There are 2 protein chains.
Amino acid sequence: MNEDKSKTGDFLKVLFKLAPEFQEIFIERYEILKIVNMIEPVGRRILSVKMDISERIIRKETDKLKENKLLDTTLKGMIITDEGKKVLEEIDKLYHMFKGIDESEKILADYLGIKKVIIAPLNLDDDKMVLSSIGECASKYLMKIINDKSIIGITGGSSVQSVIERLNVKSKKYRDVKIIPTRGSLGDKAEYQSNTLAEILANKLSCNYKLLSTPDKLSEGTIKELQNEPEIRETINLINSIDTLVFGIGRSDIMAKRRGLYVDEMKMIQDKGAVAEAFGYYFNSLGEVVHEINTIGIDLHKFKQTKNLIAVAGGIEKVEAIRAITKLDSKLVLVTDENVASEILKDFRRRKNG
Amino acid sequence: MNEDKSKTGDFLKVLFKLAPEFQEIFIERYEILKIVNMIEPVGRRILSVKMDISERIIRKETDKLKENKLLDTTLKGMIITDEGKKVLEEIDKLYHMFKGIDESEKILADYLGIKKVIIAPLNLDDDKMVLSSIGECASKYLMKIINDKSIIGITGGSSVQSVIERLNVKSKKYRDVKIIPTRGSLGDKAEYQSNTLAEILANKLSCNYKLLSTPDKLSEGTIKELQNEPEIRETINLINSIDTLVFGIGRSDIMAKRRGLYVDEMKMIQDKGAVAEAFGYYFNSLGEVVHEINTIGIDLHKFKQTKNLIAVAGGIEKVEAIRAITKLDSKLVLVTDENVASEILKDFRRRKNG
DNA sequence: TTTTTTTGGTCTGGACGGGACAAAAATTGC
DNA sequence: GCAATTTTTGTCCCGTCCAGACCAAAAAAA
């Protein structure tokens, strides 16, 4: 199986040795297909800015793809044809093989000491596209591991939002699944709040969900009071029965700002060496808790008991935070992008060679 | 194993769906590499006539191949680099997969009811190149099946000559092998006579060989007399101990002319429905003997008792003759070219679909 | 209604490919 | 052994094709 794939990857490399010019075009067209598939209908101009390629080239390539019936044009923009989707699926595999993504995933999982690493394809500067690709991969993995009795916890944030958005549910067997938001409201955008995401996800799965109608940040006294409320109790019980958790990873400095911490509190957290934030905790680069937000949600103890832990995070600026989080639990599954992956791989190779 | 290969073939097809323009260039460069590897050193002009492509295009492609260090230029012409050879080996596999040659071989072997079919790559109009490719494949197969005690019989003809010429012997373990020419002199060119070929082959293998110093065509009386000669007796004994036979296939009409038959004898043979000639026999399209040349050599009885039967023949004009010969024995291994193979495959599909 | 997209058209400068030719070296013929 | 011929690589120029820029019409969105 493994040998099979690496073999094909080698064949591609040989093919490109015979014709190196084709390599970039191959990747270019793959990216076009991939992006059109993600945000169709889309026009030349938007594609050109997303890929940072001149519009004329985009035109040339899309014309070729249209000739080959992989793309179609509508009044609203270009869309991918059914055949295009089939080809894209296959090319996805080729792209993985060519870039050696499967091997990188294994090396990284081993190096980071976690269960699995999933590297989402697409190596663009456009963060939205990259995040969307991460979301697609994470959602596919999520659908693979959940069953009809799963209790799924999700946090807020754009990464998790992307997972939910890209989720493609085919069967209707998830009626008994429960979705639990593990954070309250995240301050700013409503579309990224865990409550909103839980609702959307539950709709896609046609299943039940709980809302966690508490603010993101509370005083200790309030928490104790709230914990006695019957409805909140129920939610807390549910949180403790979560078997699958999908969560985002943030840089401590940015997350602290977003949560509206006081300046001195922020400084205190920074002084303690915080680099990462996830599900209400701040961690230093060793993965140790340096600060905890008083709120209703999943706690670290429960986290470590949870069967499936899916961390979703991309963007080169989050590398430090991501590495910190990978130290939390060996059951972790990390879904990230090519850029982050190659950055960590670089580090791996540096250490290996001295 | 099989699934593995067909998978890779499919991947290639998908790749070419994404970029059909590359398909012909891929094949073009493959053919250039292949031909340079066969007849290096070689210049642009000869390549251009062999491939029936304008010299300017050859130049463009070879320049690219030189850039990629797959070809090198010398004063005598272009040669293939070591890396080029490595790449060519891999591309050979790709070409096989892309054209589905392995599957075709199996279908044909099954359809023709013989042990194995080997289809030599290269689909050119240039007969010499095609024959050379056939020779390469046949010689590789030959080296695979013989051991240090093999007794190899060979006939004359350009096909067998090509096998001998392309043979690449690496080890020195063939000292005890014996090479036996199974025909006398074939009339015209000395370089194609089985005696000459036996000598060259024996030199390559650093082994013993026998010469068969009798004319190709004899009267019955002479044969009986010769058979009493001690030296000839020995040769005949050796012929009867052959375990591997490499032989060419001819069209009966052409072979008859070459052997210098009388006009009425020729007409007689034609009237009996002869379409093929091999090792001194003429066969009709059902594979039945219609005429036999009086000579010293392998007889049909011994032929059918021989373990390894390797028929080497290419060229679309020989299809009928080849098909006749395949009916002789189910142990037969046929080495032929893409053109012949696709012609027989066409017939197979016609019968299959009604 | 205005604005923003979309696709498709067109023109231009420049690169690149293709054909003919030239020079050099090796091979062949005498 | 020398000359003629063939084969080689390399040069030059012209035509074609392609990327870039701009524009136009039309439709969706605001």
Side-chain angles (χ1 to χ4, degrees), chain A residues 18-29 31-81 84 126 128-129 132 191, chain B residues 18-29 31-81 84 124 126 128-129 132 189 191:
Chain A
L18 197 69
E21 324 90 271
F22 299 167
Q23 186 170 322
E24 48 186 305
I25 297 189
F26 162 68
I27 293 180
E28 215 165 77
R29 293 193 188 171
E31 287 176 348
I32 292 176
L33 265 190
K34 187 102 183 156
I35 294 178
V36 171
N37 187 48
M38 289 200 280
I39 54 171
E40 66 180 1
V42 63
R44 294 192 305 241
R45 186 177 310 185
I46 288 191
L47 266 184
S48 114
V49 298
K50 289 241 178 260
M51 295 181 63
D52 197 30
I53 293 177
S54 89
E55 192 180 329
R56 199 62 182 77
I57 303 258
I58 294 283
R59 160 123 74 141
K60 187 193 73 177
E61 295 300 337
T62 52
D63 279 353
K64 283 263 167 65
L65 291 171
K66 283 171 194 169
E67 262 178 45
N68 304 328
K69 310 275 185 200
L70 302 180
L71 287 183
D72 221 338
T73 71
T74 69
L75 292 173
K76 296 182 184 177
M78 292 176 284
I79 56 172
I80 189 167
T81 64
D126 189 287
K128 279 183 189 172
M129 286 297 101
S132 190
E191 50 176 333
Chain B
L18 197 68
E21 324 90 271
F22 300 164
Q23 186 169 322
E24 47 186 305
I25 296 188
F26 163 67
I27 293 179
E28 216 165 77
R29 293 195 188 170
E31 286 176 349
I32 291 176
L33 264 190
K34 188 103 184 156
I35 293 178
V36 171
N37 187 49
M38 289 200 280
I39 53 172
E40 65 180 1
V42 64
R44 294 194 303 242
R45 186 179 308 183
I46 288 194
L47 267 183
S48 107
V49 299
K50 289 245 177 255
M51 296 181 62
D52 197 29
I53 293 177
S54 90
E55 191 182 329
R56 199 59 183 75
I57 303 243
I58 295 283
R59 156 113 87 132
K60 186 190 72 177
E61 297 299 337
T62 52
D63 280 353
K64 284 264 166 63
L65 290 172
K66 283 171 193 168
E67 263 178 47
N68 305 328
K69 310 276 183 198
L70 303 180
L71 287 183
D72 221 338
T73 71
T74 68
L75 291 172
K76 297 182 182 176
M78 292 175 283
I79 57 172
I80 189 167
T81 64
L124 299 174
D126 189 289
K128 279 183 189 170
M129 285 297 102
S132 190
K189 292 189 186 174
E191 49 176 335

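Lettering follows sequence order; numbering is per chain, from 1. Every value quoted in this text rests on a predicted model; they were computed, and no experiment measured them.
- For C:dT7, neither phosphate oxygen OP1 nor OP2 lies less than 4.0 angstrom from any side-chain nitrogen or oxygen of A:Lys76.
- Rounded to a whole Å, the CD atom of A:Glu55 is 8 Å from the P atom of C:dT6.
- Side chain of B:Ser48 to main chain of B:Arg45: a donor-acceptor pair is present (N/O by atom type, distance under 3.5 Å, no hydrogens or angles).
- Contact of A:Arg59 with C:dG9 (side chain to base): a donor-acceptor pair of N or O atoms is detected under 3.5 Å.
- Between D:dG20 and A:Ser54, a contact under 4.0 Å exists linking OP1 or OP2 to a side-chain N or O.
- One interatomic measurement links the two molecules: CD1 of B:Ile57 to P of C:dG17, which rounds to 10 Å at whole-angstrom precision.
- Here the P atom of nucleotide C:dT5 and the CE atom of A:Met78 are 15 Å apart, to the nearest Å.
- Between the CD1 atom of A:Ile53 and the C1' atom of D:dG20 there is a distance of 15 Å, given to the nearest Å.
- A salt bridge links A:Arg29 to B:Glu21: one of the charged nitrogens lies within less than 4.0 Å of a carboxylate oxygen.
- Taking both residues in full, the closest heavy atoms of B:Leu33 and B:Gly84 are given as CD1-O, 4.3 Å, listed atom of the first, atom of the second, then distance.
- Under 4.0 angstrom from either OP1 or OP2 of C:dT6 there lies no side-chain N or O belonging to A:Thr74.
- In this model, no side-chain donor or acceptor of B:Arg56 finds a partner on the base of C:dG17 within 3.5 Å.
- Atom CG of B:Asp63 is separated from atom P of D:dG10 by 8 Å (rounded to the nearest Å).
- Residue B:Arg44 places a side-chain atom within donor-acceptor reach of the base of D:dG10, judged by atom type and a 3.5 Å distance cut-off alone.
- Listed here is the closest heavy atom pair of B:Val36 and B:Met78: CG1-O, 3.8 Å.
- Positionally, the nearest nucleotide of DNA chain D for B:Arg45 lies more toward the 5' end than for the other of A:Lys60 and B:Arg45.
- Looking at heavy atoms from C-beta onward, B:Met129 lies in side-chain contact with B:Ile39 at the 4.5 angstrom threshold.
- Residue-level contact check: B:Val42 touches the backbone only, with heavy atoms under 4.0 Å from sugar-phosphate atoms and none from bases.
- Per the geometry, CD belonging to A:Glu67 stands 16 Å off P belonging to C:dT7, to the nearest Å.
- Distance CD1 (A:Ile58) to P (C:dT7): 11 Å, rounded to an integer number of Å.
- The distance from atom CD1 of B:Ile46 to atom C1' of D:dT5 is 14 Å, rounded to the nearest whole Å.
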